[in-house]
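To start, the structure itself, in structure tokens.
Within every chain, numbering begins at 1; the chains are lettered A, B, ... in the order of the sequence lines, protein sequences first and strands thereafter.
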Amino acid sequence: MILKQKFFNRPTLKVAEDLLGKFLVRKIGNRERALMITEVEAYDGPHDKASHAHKGRTKRAEVMFGEAGRWYVYLVYGMHYMLNIVTGPKNYPAAILIRGAIRCSQGRSLTWSRSVLDQVKGPGKLTKFLKIDKKFNGKIAESPSPRACGASVSRRKTGLWLEDRGIKINKENIKRTPRIGVNYAGKIWANKPYRFFLTIFDK
DNA sequence: ACGATGATGAAC
DNA sequence: TTCATCATCGTA
């Protein structure tokens with residue numbers, strides 16, 4: 001089931017937690033790559049000093065003020081693209097950074113490899129692996145499949161979206177810590193436990 | 001521990 | 001128009 005705006009238009013911390021175990025799906029031509037999300041960080045509201053939205057409606061952060069369910073993609077350190085999904089109501093700036101995921105070893109039933117080789121760990125490595133760049137910034141997270149309607153539906157060849165594939169995550173397998181690399185945000189905001197990850201896949 | 005590498009926002 | 005800063009990563 002593809003996650004729609006309704007899923008993202010909820011309190012950001014809740015969405016962040018719920019994104020663990022969901023699938024990030026990237027389609028390029030007829031290739032489709034799906035990763036299960038194992039690590040995220042929330043950037044929540046105009047007062048969050050670690051958030052780009054803290055400086056107001058700048059050109060870069062504008063997407064965060066928009067409707068939920070759109071991608072927010074930007075470049076850091078001159079070389080890494082960060083992938084975020086916008087959450088919460090319009091005019092409330094919030095987004096979730098997708099930091100880590102894992103590849104499914106497709107067996108007869110669902111089995112998950114815990115091998116480091118299957119870990120896609122780190123937000124920069126994740127976007128590189130899935131070939132995600134600024135082109136997705138501001139785009140709605142949706143499947144490229146044509147909608148079931150009229151003749152003039154143009155088939156988009158690529159896409160990036162999120163899916164619920166029925167994995168149930170046990171709450172005891174979720175851990176929270178402060179976010180990575182946001183020490184500039186001051187004690188209060190740098191220490192907020194806004195990073196969520198699945199303990200069963202390391203760390 | 002540190003350099004790569006370029007967009008961003010703020011100051012001037 | 002400059003300048004410092006950065007939601008990172010790979011190599012040392």
| field | Sole residue of E142(A), K22(A), E163(A) in side-chain contact (heavy atoms from CB on, under 4.5 Å) with L3(A) | value | K22(A)
| note | OG1 (T158(A)) and CG (N30(A)) are apart, to the nearest 0.5 Å, by 12.0 Å
| Between residues 72-84 of chain A and DNA chain C, which residues have a heavy-atom gap below 4.0 Å? | Y72(A), Y74(A), Y77(A), H80(A), M82(A), N84(A)
| What's the NE2-C1' distance between H52(A) and dT8(C), to the nearest Å? | 12 Å
| Is a side-chain donor-acceptor pair under 3.5 Å present for R57(A) with N91(A)? | yes
Any protein N or O atoms within reach of nucleotides 10-12 of chain C? Criterion: under 3.5 Å, listing atom names and distances.
none

| How many angstroms lie between atom CG of L20(A) and atom NZ of K171(A), to the nearest 0.5 angstrom? | 10.5 Å
| Looking at OG1 of T199(A) and CG of N173(A), how far apart are the two atoms once the value is rounded to the nearest 0.5 Å? | 4.5 Å
Report, one pair per line, the protein and nucleotides 2-5 of chain C atoms (nitrogen or oxygen only) whose separation is under 3.5 Å.
none

| field | Among I85(A), I96(A), L97(A), V63(A), the one residue meeting side-chain contact (heavy atoms from CB on, under 4.5 Å) with Y72(A) | value | V63(A)
| message | Please tell me if R60(A) has a side-chain N or O lying less than 4.0 Å from either OP1 or OP2 of dG9(B). | response | yes
| task | To the nearest Å, give me how far apart NZ (K134(A)) and C1' (dT8(B)) are. | result | 9 Å
| Roughly, in whole Å, what's the span from CG in L126(A) to P in dA7(C)? | 17 Å
| message | Please classify the nucleic acid contact of R179(A) as base, sugar-phosphate, or nothing, using heavy-atom distances under 4.0 Å. | response | nothing
| field | Side-chain heavy atoms of K27(A) within contact of W161(A), under 4.5 Å | value | yes
| task | Would you sketch DNA chain B in dot-bracket for me? Only Watson-Crick or G-U wobble pairs with both distances under 3.5 Å count, crossing pairs as [ ], other-strand pairs as |, the rest as dots. | result | ||||.||||||.
| field | Distance in Å, D133(A) CG paired with Y74(A) OH, rounded so as to fall on 0.5 Å steps | value | 15.0 Å
| How close or far is atom P of dG9(B) from atom CE of M64(A), stated in whole angstroms? | 12 Å
| task | Report whether Y43(A) and V40(A) are members of the same hydrophobic cluster (ILVMFWY, side-chain heavy atoms less than 4.5 Å apart, transitive linking). | result | no
| Cluster check I200(A), I174(A): I/L/V/M/F/W/Y, side chain < 4.5 angstrom | yes
| query | Between atom NE2 in H54(A) and atom P in dC6(C), what is the gap in whole Å? | reply | 13 Å
| request: Tell me, please, which residues at least two apart from L75(A) pass side-chain contact (heavy atoms from CB on, under 4.5 Å). | output: Y81(A)
| said: Is the phosphate of dA7(C) approached by R195(A) (side-chain N or O, under 4.0 Å from OP1 or OP2)? | reply: no
| task | Mind checking the CD-CZ spacing from E41(A) to F197(A)? Nearest 0.5 Å is all I need. | result | 10.5 Å
Pairwise N/O distances under 3.5 Å, protein to nucleotides 10-12 of chain B:
none

| task | Report the residue from N137(A), L83(A), I132(A) that forms a side-chain contact (heavy atoms from CB on, under 4.5 Å) with W71(A). | result | L83(A)
| request: Kindly give the heavy-atom pair with the smallest separation between N9(A) and P89(A), and that separation in Å. | output: OD1-N, 3.1 Å
| task | Starting at CZ of R26(A), measure out to CZ of R33(A) and round the result to the nearest 0.5 Å. | result | 10.0 Å
| R99(A) side chain to L126(A) backbone, donor-acceptor under 3.5 Å | no
